[in-house]
S.K.: 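Just passing along the structure, written as structure tokens.
All residue numbers in this chain count up from 1 along the given sequence.
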Amino acid sequence: MGVNKKDERMPEERVPGEAKEMLKSLASKWEDVTDANALQVIPLKGAMTNEVFQIKWPTKTGELSRKVVVRIYGVGVEVFFDRDNEIHTFEFMSKQGYGPRLLGRFSKGRIEEFIHARTLSAHDLRDPEISVLIAAKMREFHVLDMPGEKIVYLWDRLRNWLKVAKDMCSPDEAKAFRLNDIDEEITLLEKNLSVDQRIGFCHNDLQYGNIMIDEETKAITIIDYEYASYNPVAFDLANHFCEMTADYHSDTPHVVDYTKYPGLEERQRFVQAYLISSADKPGDKEVEQFLNDVEKFTLGSHLFWGLWGIISEHVNKIDFDYLDYARQRFEQYWLRKPTLLGSSEGSTTANAAGAPTSAATTTAAASADPPTAATTTTTTAVTADGATDGGRKEEQGKESSPREKAAAAAQEEEERTDSPKAGEDGEDDKDPNGRGKQQQQQQQQQGVFRRFKRYLGFTNVFKRHSHSHSHSKSIDHIPPQEQQDASSAPAPADNAAAVSGKPT
């Protein structure tokens with residue numbers, strides 16, 4: 001299905017001459033660069049929509065080198081997004097102090113600032129401390145007041161991609177992927193998932209390669225806005241959860257492992273961190289409803305990237321098995337749909353194993369872990385510690401646990417640390433590059449992290465496990481296979497330029 005399309009040219013040959021001239025011009029203005037012509041081109045692995053390179057020059061000190069990032073747009077990928085809109089978004093985010101600065105544009109790509117931070121790995125997404133910071137950053141991203149219409153783009157985008165996929169596919173491919181049925185599925189999702197949804201500016205591709213962390217300040221930076229648009233924010237969280245099943249830097253980057261989908265406790269923790277980042281303590285009902293919405297939007301994520309995979313197979317030259325990736329995403333869609341939408345359809349539907357699932361039980365199942373192809377669908381949501389939803393209701397009304405009491409006792413003392421110190425505010429407007437805003441964002445993220453720890457009364461899980469920047473995740477609620485993966489996780493790479501895993 002996938003075809004090896006690897007570009008065998010030397011890295012220097014893959015950067016257009018127009019871009020090289022711009023790079024030399026930039027370097028000639030930096031006094032510490034010894035030779036503007038002595039640029040070194042380093043391909044960055046994992047990109048699947050564009051080609052991304054780190055460019056660096058030797059400096060007079062010899063200790064550090066000047067670096068930038070060159071992004072060469074993929075041929076034919078404009079079908080996925082409007083490049084002009086993406087550039088406007090990039091420029092807007094840069095001016096607001098988010099992400100890298102735009103240093104130059106050429107006909108087939110652009111030059112970006114190199115961010116001295118570490119791109120996350122697949123394992124980092126499971127680190128509880130990092131996950132809390134990502135959740136807070138997502139909330140911050142979603143409330144950005146971006147120019148343009150504030151309408152949902154998801155459904156029209158899916159229909160447009162479906163049309164393109166049908167035009168590109170052979171009859172056999174279209175039949176294998178059931179493309180003639182997808183239009184009805186999009187309509188079904190739109191009908192069931194368009195009621196009382198929070199709309200925000202969504203990244204729509206928040207996989208680990210699009211997230212960077214400053215190891216010293218713990219500030220999170222979200223990069224690559226090609227697929228960004230206004231959408232239901234539950235879709236963005238759903239897509240992020242689905243991305244936890246992927247590792248685009250493995251020997252089989254197209255393979256997604258749904259046994260690694262985050263369990264209920266992990267999803268609850270993320271949603272709580274997301275909601276509490278607004279400074280308000282979320283209620284149990286709010287968390288439960290939002291969790292259910294997020295789970296249902298995983299269906300939209302499967303269609304989104306399933307169609308993307310089909311189209312990419314026909315337009316992209318990057319070495320990646322797009323069709324098999326698409327097959328896995330569609331497979332999960334059909335497997336999960338009976339459980340997640342059964343109650344919404346108001347009728348008894350068959351689950352993935354063929355057994356009927358009633359409307360009463362499918363609502364509970366929306367918060368349960370998704371099955372893999374080899375498992376059947378459960379009909380009662382069971383929490384990570386083994387209690388059913390019914391058991392939770394019986395426990396309501398009991399006095400606070402020691403953990404909750406400890407959190408309440410610490411609240412008054414820690415509340416003072418959440419507020420900015422005198423003199424911290426009012427400086428950002430003086431910063432012409434908008435970098436002062438990044439400092440403010442770092443302070444806000446630290447405050448969110450403290451509030452979340454206090455809210456849970458659960459500080460131990462967020463302690464760092466070593467001082468070597470290697471993060472081991474809490475595995476109390478993770479399946480045995482995933483515990484093995486966690487224990488053998490490699491140490492994160494050194495700070496590197498931004499590069500995505502899947503779409504960049």
S.K.: Can you tell me how the ring of Phe270 sits relative to the ring of Phe241, calling it parallel under 30°, perpendicular over 60° and tilted otherwise?
M.R.: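 Rings of Phe270 and Phe241: perpendicular, over 60°.
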
S.K.: Ile223 pairs by side-chain contact (heavy atoms from CB on, under 4.5 Å) with which of Ile211, Ile115, Thr119?
M.R.: Ile115

S.K.: Just to verify, what does Asp172 make a salt bridge (charged side-chain N to carboxylate O under 4.0 Å, His left out) with, not counting sequence neighbours?
M.R.: none

S.K.: Quick one: list whatever passes salt bridge (charged side-chain N to carboxylate O under 4.0 Å, His left out) with Lys191, sequence neighbours left out.
M.R.: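 In terms of salt bridge (charged side-chain N to carboxylate O under 4.0 Å, His left out), with neighbours along the sequence ignored, Lys191 is linked to no residue.
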
S.K.: Counting only heavy atoms from other residues, nucleotides and ligands, does the tally under 6.0 Å from CG of Asp196 exceed 12?
M.R.: no

S.K.: Answer yes when Asp167 and Lys163 have at least one side-chain N-carboxylate O distance shorter than 4.0 Å, and no when they do not.
M.R.: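 Yes, this pair counts.
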
S.K.: Would you confirm whether Ser94, through its side chain, and Phe90, through its main-chain N or O, come within 3.5 Å as a donor-acceptor pair?
M.R.: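 Side chain of Ser94 to backbone of Phe90, a donor-acceptor pair under 3.5 Å: no, none is there.
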
S.K.: Indicate yes or no for a side-chain donor-acceptor contact from Glu173 to the backbone of Ser170 under 3.5 Å, with no hydrogens or angles considered.
M.R.: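 Yes; judged by distance alone, with no hydrogens or angles, the pair exists.
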
S.K.: Do you know the tightest heavy-atom contact between Cys242 and Arg329?
M.R.: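 Looking at all heavy atoms of both residues, the shortest contact is CB-NH2, 3.7 Å.
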
S.K.: Check the pair Arg267, Glu295 against salt bridge (charged side-chain N to carboxylate O under 4.0 Å, His left out), reporting the backbone distance first and the verdict last.
M.R.: CA-CA 10 Å; Arg267 301 198 305 271; Glu295 281 306 288; 3.2 Å; yes

S.K.: Are the side chain of His203 and the backbone of Asn210 linked by a donor-acceptor contact shorter than 3.5 Å?
M.R.: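 No: the side chain of His203 does not pair with the backbone of Asn210.
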
S.K.: Between Met138 and Leu206, does a side chain to side chain contact (heavy atoms under 4.5 Å, CB included) hold up when you go through it step by step?
M.R.: CA-CA 9 Å; Met138 283 185 75; Leu206 207 59; 3.2 Å; yes

S.K.: Inspect the contact between Asp145 and Lys150 and indicate whether a charged nitrogen and a carboxylate oxygen are less than 4.0 angstrom apart.
M.R.: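 Asp145 and Lys150: salt-bridged.
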
S.K.: Is Glu266 paired with Arg126 through a side-chain N to carboxylate O contact shorter than 4.0 Å?
M.R.: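 Yes, charged N to carboxylate O under 4.0 Å.
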
S.K.: Rounded to the nearest 0.5 Å, how far does CG of Asp224 lie from CD of Gln207?
M.R.: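 If I round to the nearest 0.5 Å, the distance is 8.5 Å.
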
S.K.: Classify the ring geometry of Phe304 against Trp161: parallel below 30°, tilted from 30° to 60°, perpendicular beyond 60°.
M.R.: tilted

S.K.: Is the gap between the ring centers of Tyr230 and Tyr153 under 6.0 Å?
M.R.: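 No, the ring centres sit 6.0 Å or more apart.
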
S.K.: Using the rule ring-ring contact (aromatic ring centres under 6.0 Å, His included), only one of Tyr333, Tyr258, Phe177 pairs with His302; which is it?
M.R.: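 With His302 as partner, ring-ring contact (aromatic ring centres under 6.0 Å, His included) holds for just one option, Tyr258.
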
S.K.: If the threshold is 4.0 Å, N to carboxylate O, is there a salt bridge linking Glu243 and Lys260?
M.R.: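 No.
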
S.K.: Just how far is it from atom CG of Leu307 to atom CZ of Phe80, taken to the nearest 0.5 Å?
M.R.: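 Atom-to-atom, Leu307:CG and Phe80:CZ are 9.5 Å apart.
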
S.K.: Quick check for you: to the nearest 0.5 Å, what is the distance between Leu341 atom CG and Arg336 atom CZ?
M.R.: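 Between atom CG of Leu341 and atom CZ of Arg336 there are 10.5 Å.
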
S.K.: Run the side chain to side chain contact (heavy atoms under 4.5 Å, CB included) check on Phe92 and Met146 step by step: do they pass?
M.R.: CA-CA 8 Å; Phe92 178 87; Met146 298 294 294; 3.1 Å; yes

S.K.: Which distance, rounded to the nearest 0.5 Å, do you find between the CZ of Arg327 and the CD1 of Ile310?
M.R.: 12.0 Å

S.K.: Just by distance, no angles: are the side chains of Asn292 and Glu288 close enough, under 3.5 Å, to form a donor-acceptor pair?
M.R.: no

S.K.: Between Asp205 and Trp305, is there a side-chain donor-acceptor contact under 3.5 Å, judged purely by atom types and distance?
M.R.: no

S.K.: Whether Arg118 and Asp214 form a salt bridge (side-chain N of Lys/Arg under 4.0 Å from carboxylate O of Asp/Glu) is what I want to check.
M.R.: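 No, this pair does not count.
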
S.K.: Of the non-hydrogen atoms in Ala122 and Ala246, which two are nearest, and what is the gap between them?
M.R.: CB-O, 3.6 Å

S.K.: Side chains of Tyr227 and Trp308: is there a donor and an acceptor less than 3.5 Å apart?
M.R.: yes

S.K.: Measuring centre to centre across the rings, with the benzene-like ring taken for any Trp, is Tyr248 within less than 6.0 Å of His254?
M.R.: no

S.K.: So how far is it from Lys337 NZ to Leu303 CG, rounded to the nearest 0.5 Å?
M.R.: 9.5 Å

S.K.: Start with the C-alpha gap between Leu125 and His240, add the side-chain angles, then the distance that decides, and say whether side chain to side chain contact (heavy atoms under 4.5 Å, CB included) holds.
M.R.: CA-CA 9 Å; Leu125 295 187; His240 181 65; 3.8 Å; yes

S.K.: Between the side chains of Asn231 and Asn204, does any donor sit under 3.5 Å from an acceptor?
M.R.: yes

S.K.: Would you say the side-chain atoms of Asp127 pair up with the backbone N or O of Asp124, donor to acceptor, closer than 3.5 Å?
M.R.: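 No; judged by distance alone, with no hydrogens or angles, the pair does not exist.
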
S.K.: For the residue pair Arg157 / Ser229, report whether a side-chain donor-acceptor contact shorter than 3.5 Å exists.
M.R.: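 No.
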
S.K.: Please determine, by modelled atom types, if Tyr208 and His249 share a side-chain donor-acceptor pair under 3.5 angstrom.
M.R.: yes

S.K.: Apply side chain to side chain contact (heavy atoms under 4.5 Å, CB included) to residues Trp155 and Leu193 and explain how you reach the verdict.
M.R.: CA-CA 11 Å; Trp155 314 118; Leu193 303 182; 4.3 Å; yes

S.K.: Tell me if a side-chain donor or acceptor on Asn239 pairs with a main-chain N or O of Phe235 at a distance below 3.5 Å.
M.R.: no

S.K.: Are Tyr98 and Glu140 linked by a side-chain donor-acceptor pair shorter than 3.5 Å?
M.R.: yes

S.K.: Under 4.0 Å between a Lys/Arg side-chain N and an Asp/Glu carboxylate O for Glu286 and Arg198?
M.R.: yes

S.K.: Is Thr187 reaching over with its side chain to a backbone N or O of Asp183, donor-acceptor style, under 3.5 angstrom?
M.R.: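 Answer holds: yes.
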
S.K.: Determine whether a donor-acceptor pair (N or O, by modelled atom type, separation under 3.5 Å) exists between the side chain of Gln328 and the backbone of Val256.
M.R.: yes

S.K.: Which value, rounded to the nearest 0.5 Å, describes the distance between Leu189 atom CG and Lys296 atom NZ?
M.R.: 11.0 Å

